[in-house]
Structures are given as C-alpha cells and as structure tokens.
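Chain identifiers are assigned alphabetically (A, B, ...) following the order of the sequence lines, protein sequences preceding nucleic acid strands; residue numbering begins at 1 within each chain. Just so it is clear, the model here is predicted, and its values are computed rather than measured.
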2 protein chains.
Amino acid sequence: MEQTLKRLATMQRLQVAGLELFYQNGYHNTSVDDILKKLDLSKGAFYYHFKSKEEFFISIIQNLIVQRVYSALVQPIEGKEDPFTIIEESLDASLETAEHNFFDNGFVLSNFLSETQGKDPEINTYLNDILKIWEVALITSLQKGKSDGYVARHVDSDGVAAYIISAYMGIRLQMACGNAKNLRYKFIQQLRIYFRSLAPQPIH
Amino acid sequence: MEQTLKRLATMQRLQVAGLELFYQNGYHNTSVDDILKKLDLSKGAFYYHFKSKEEFFISIIQNLIVQRVYSALVQPIEGKEDPFTIIEESLDASLETAEHNFFDNGFVLSNFLSETQGKDPEINTYLNDILKIWEVALITSLQKGKSDGYVARHVDSDGVAAYIISAYMGIRLQMACGNAKNLRYKFIQQLRIYFRSLAPQPIH
DNA sequence: AATGAGACCGACTAAGTGGTCTAATTAAGA
DNA sequence: TCTTAATTAGACCACTTAGTCGGTCTCATT
C-alpha cells in the first residue's frame, strides 16, 4: 500500500519532469540522463519503473498530455450551448495562458506530432488519438449547435472542426516563434469573422 | 573555374540530400553520416565544404528552402490582382502536391520551426525570416486588393495574413498525419467561406 | 617530370546514447 | 530482530554522434 504510493509518486515525478524536458527540447533531443539528472535519480530507478524510453513517453502521453488537452480544449465545450462563443472562449483562454508563459514552446500536441510523424508511428498514433478526441468534441458541439439554432444548417461540421484545429495549431506555432505580441488578439478577431459567416443568417 | 564547378556540384548534392533527410527524419534525428552514406561520400568531403552541421543546415535553408517557399507561396501571388482567388489557388496547389506526395511530411518550414524553436535560436531566426517573406507578400497582396476593390476596406490585413498562415501550417500537419483524405477539399471550402466575408459587401 | 593546390578519404577522438546488471539500501511484516 | 521484497545506485556495454587530422588522389601549370 505504502509502497504502491511511493511507486506512483516516483513514476509521476519522472513523467512530469520528462514532459517538461521533452516539451522544451524535443523527444529525440532529450536523453534519459537529462531527466534523471534533473531529479537526482539514477538509471536503475528509471528502468525499474519503465521498460524503455518510448514506453515512458507513451505513458506521459496517456497520463499527462491527454489530460491537459482535455481540460483545456474539450471539457470547456462539452455539453454547452452556443458553440461559436464557447469554442472561441476556450481557444482564447488557451492562447492567453500560452501568451503569459514566457517559456511557451507551442502546442504540445502539434509539436510532438510533427516530431514523431513518419519516424515513430506508435507514438504518433497515441498523439493522433488525442487530437481525434478534440475533433469529435468540436464536431459534436457544432452539430448540437445546429439543432439549437446557433449554427447554420448548411455548415459542414467536419470541415469547420478541421479548420479550427488547423488555425489553432498554426497560431500556437507562430506565437511560440515570438512573432508579434498581439497575435492572439488578431487571431480571435479573424476567428470571430469566420464564425459569424457560419451562423444562421437573418432573412431579409 | 573547373574546380569551382565541381565544388558547387558536390555542395549542392550534399544540400539536396541533406534537406531530404532532415525533412524526413528531422534535423536532430539525422546524422551527418546518414547523409554521407546516401551519397557515398566521406566525412572529409563534408567538413571540407561546411564547417559544421549547423552551418550546413543554414546553407540549406538559405539556398533551398527559401527558394521552394518563394516559388510555391510567394511568387504566385506577387503583383497579381484579386488576392482571395489567387491566394486560394496558391494554397490549393501546394496542398495538391502535398496530397499526391506519398511521403509528405508536412510543411517544411513549420516542421523545422517547431523543431528548432527554443533550442537552436540561430537556425530559428533564418526560418522565421522566410516566414516573414511570405507574410509580407500576403499583406501586400491584401492591401493592393483594397485599392482594387477586391478586399473590404475595414479588413485587418495583418490579421488575415497571420490567420492564413496559421491555417495553412495547421492543415499541412494534419494532412501529414494522414487524417482523412478529403482534408484538402474541406480546407479550401472553409477558406472560401472565410474569404467571402472579407470581400466588399454589396449594399442592400 | 615536378609542383602544388583543390578535393576527398577514412581512421580516430571525446562525448554522448539507450539499456543491462549487480550490489547496496530501504522499508514492511514476522 | 530477522527475513524478504521493493526500490535505487551507478558501473558498465555496445553503439552513435559531431568533428579532427594526416594522408592520398586528381589535374592544371610550369
């Protein structure tokens, strides 16, 4: 019981530190030793809990990344009405935390996706699954929005979802590259214009 | 004279092979030896022409990447009228070549940007410069479009440009991850909707 | 034929890399 | 207190990395 707790604690410490370094320097550019050095742990500890670096990363994806994406981008829009407003708010909030984080390195998911795509197919799959969760949440929200009269009937929910995801991933990368300070404001502005043309038009 | 030609030929062979591997496997995940093996060349040859791996990559950026981005995304819109149509066409053409390329790994520029951002500031700078060229071309085109009556006066050209870049970078990443086949079609569809709301509205 | 510069070879180094293994330490239960 | 198992230390292994360096080859000029 007590042991199990300690085990989980050490594993979590490793995962948190691992994610931080992977996010900062990239998965391939971060060695297991780097992580261990940061925590004053030894090789033995690491390979006692995880059987390889890859499996370790996958555990991070499934424990930490999935949760962060969910709480930042999925949960806020789930079950709510008025999709455009609520989606805009969730994106704006995410951009705000990114903007105020001096060490922002872009959107976790898209960073790792672009690093592992092609090379590490297994890892890539797990990342894609998370993206899919977000996509489904967006589509569901938009569809519900049609019934509720917030979204025009003719709108292609899949297409809109893909477009939102694209735009968000792209803006996060640009923000991380330090291109202009008011990027977030501009982005939300354009998003709003786009959304407006997807709302039901008053007949005249 | 004859020597100079040979020198340039070898350098270019190295750069072309280097870009291909860097693009496929990432900069950090590709060793100098990998490139040399591909060309049946030796360490000596490489370090005779380039003084480091980093300088080598920078030369690739300035010789090859800048040119590709320019000819695919900048040149097609330069000096032309009707920004929305012409921008849409250039993006669609780029997406088409990407779609038909079985080994597509995403947008070169955004891949390298996300890999080097934070870690390799010098490389990142050169990549950002290229992005800036595209951004300026977009803004210029939009501004000219205002004078020519294709773009509504109230439109924020900077914001629109940033939004276009974001969306394109994002969709390329999604396409590279193999998410759905008709992603390109959907994307262009949404882009068109967005553009429509930026055109001057007929008075009624 | 001799020279000398440009281009290239490939063994070598030093610093990592992921991963293994044994021994030591710690903590729990009897 | 003794035993036993969970946990951690850290030396070690085979391999890869970027970069160096003395030497070799080619070939135009003398």
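- Scanning for side-chain contact (heavy atoms from CB on, under 4.5 Å) contacts around B/N128 gives A/C177, A/N179, B/L113, B/N124, B/L131, with sequence neighbours left out.
- Under the side chain to side chain donor-acceptor pair (under 3.5 Å) criterion, B/T85 pairs with B/D82, sequence neighbours left out.
- The side-chain contact (heavy atoms from CB on, under 4.5 Å) test applied to B/N101 returns B/F103, B/D104, not counting sequence neighbours.
- Residue pairs meeting the salt bridge (Lys or Arg N to Asp or Glu O under 4.0 Å) criterion with at least one partner in residues 123-137 of chain B, sequence neighbours excluded, are B/K132-B/E135.
- Distance, B/L36 CG to D/dG19 P: 12 Å, rounded to whole Å.
- If you check residues 11-26 of chain A against DNA chain C, you find no residue with a heavy atom closer than 4.0 Å.
- In this entry the distance linking NZ of A/K37 with P of D/dA9 reads 15 Å, nearest Å.
- When rounded to the nearest whole Å, the span between CZ of B/R7 and P of C/dA5 equals 16 Å.
- In this structure, the CG atom of A/D33 is 11 Å from the P atom of C/dG19, given to the nearest Å.
- Under the side-chain contact (heavy atoms from CB on, under 4.5 Å) criterion, A/V66 pairs with A/I130, A/I133, sequence neighbours left out.
- Between B/H49 and C/dC8 there is a side-chain polar atom (N or O) within less than 4.0 angstrom of OP1 or OP2.
- Here A/N29 lies out of heavy-atom contact (under 4.0 Å) with every strand.
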Distance-only check: which donor-acceptor pairs under 3.5 Å involve side-chain atoms of residues 91-98 of chain A, not counting sequence neighbours?
| from | atom 1 | to | atom 2 | distance (Å) |
| --- | --- | --- | --- | --- |
| A/D92 | OD1 | A/R184 | NE | 2.8 |
| A/S94 | OG | A/S90 | O | 3.1 |
| A/T97 | OG1 | A/S94 | O | 2.9 |

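- Scanning all heavy atoms of the two residues, the minimum distance from B/L183 to A/A162 falls at CD1-CB, 3.9 Å.
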Steps toward side chain to side chain donor-acceptor pair (under 3.5 Å) verdict (A/Q190, B/Y194): CA-CA 9 Å; A/Q190 298 306 315; B/Y194 168 58; 2.5 Å; yes
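- OP1 or OP2 of C/dA7 has at least one side-chain nitrogen or oxygen of B/Y48 nearer than 4.0 Å.
- Every side-chain contact (heavy atoms from CB on, under 4.5 Å) that A/R13 has, sequence neighbours left out, goes to A/L39, A/L41.
- Rounded to an integer number of Å, the gap from NE2 of B/H28 to P of C/dG16 is 15 Å.
- Listed by first and then second residue, the ring pair (Phe, Tyr, Trp, His ring centres under 6.0 Å) pairs that reach into residues 57-76 of chain A are A/F22-A/F57, A/Y27-A/F57, A/F57-A/F112, sequence neighbours excluded.
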Tabulate protein N/O versus nucleotide N/O from nucleotides 10-16 of chain D, keeping only pairs under 3.5 Å, one per line.
| from | atom 1 | to | atom 2 | distance (Å) |
| --- | --- | --- | --- | --- |
| D/dG10 | O6 | A/G44 | N | 3.0 |

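- DNA chain D lies under 4.0 Å from no heavy atom of any residue of residues 111-127 of chain A.
- The side chain of B/Y47 lies closest to D/dG19 when the candidates are D/dG19, C/dT17, D/dA9.
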Please lay out, stage by stage, how A/Y150 and A/F84 fare under the test ring pair (Phe, Tyr, Trp, His ring centres under 6.0 Å). CA-CA 8 Å; A/Y150 292 103; A/F84 294 137; 8.7 Å; no
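- The side chain of B/T10 places an N or O atom within less than 4.0 Å of a non-bridging phosphate oxygen (OP1 or OP2) of C/dC8.
- As rounded to whole Å, 11 Å separates atom P of D/dT20 from atom CZ of B/F46.
- Applying the side chain to side chain donor-acceptor pair (under 3.5 Å) criterion to B/D148, with sequence neighbours excluded, gives B/K144.
- Atom-to-atom, NZ of B/K53 to P of D/dT20 comes out at 15 Å; the value is rounded to the nearest Å.
- If you measure from atom CG of A/L39 to atom P of D/dA9, you get 10 Å, rounded to the nearest angstrom.
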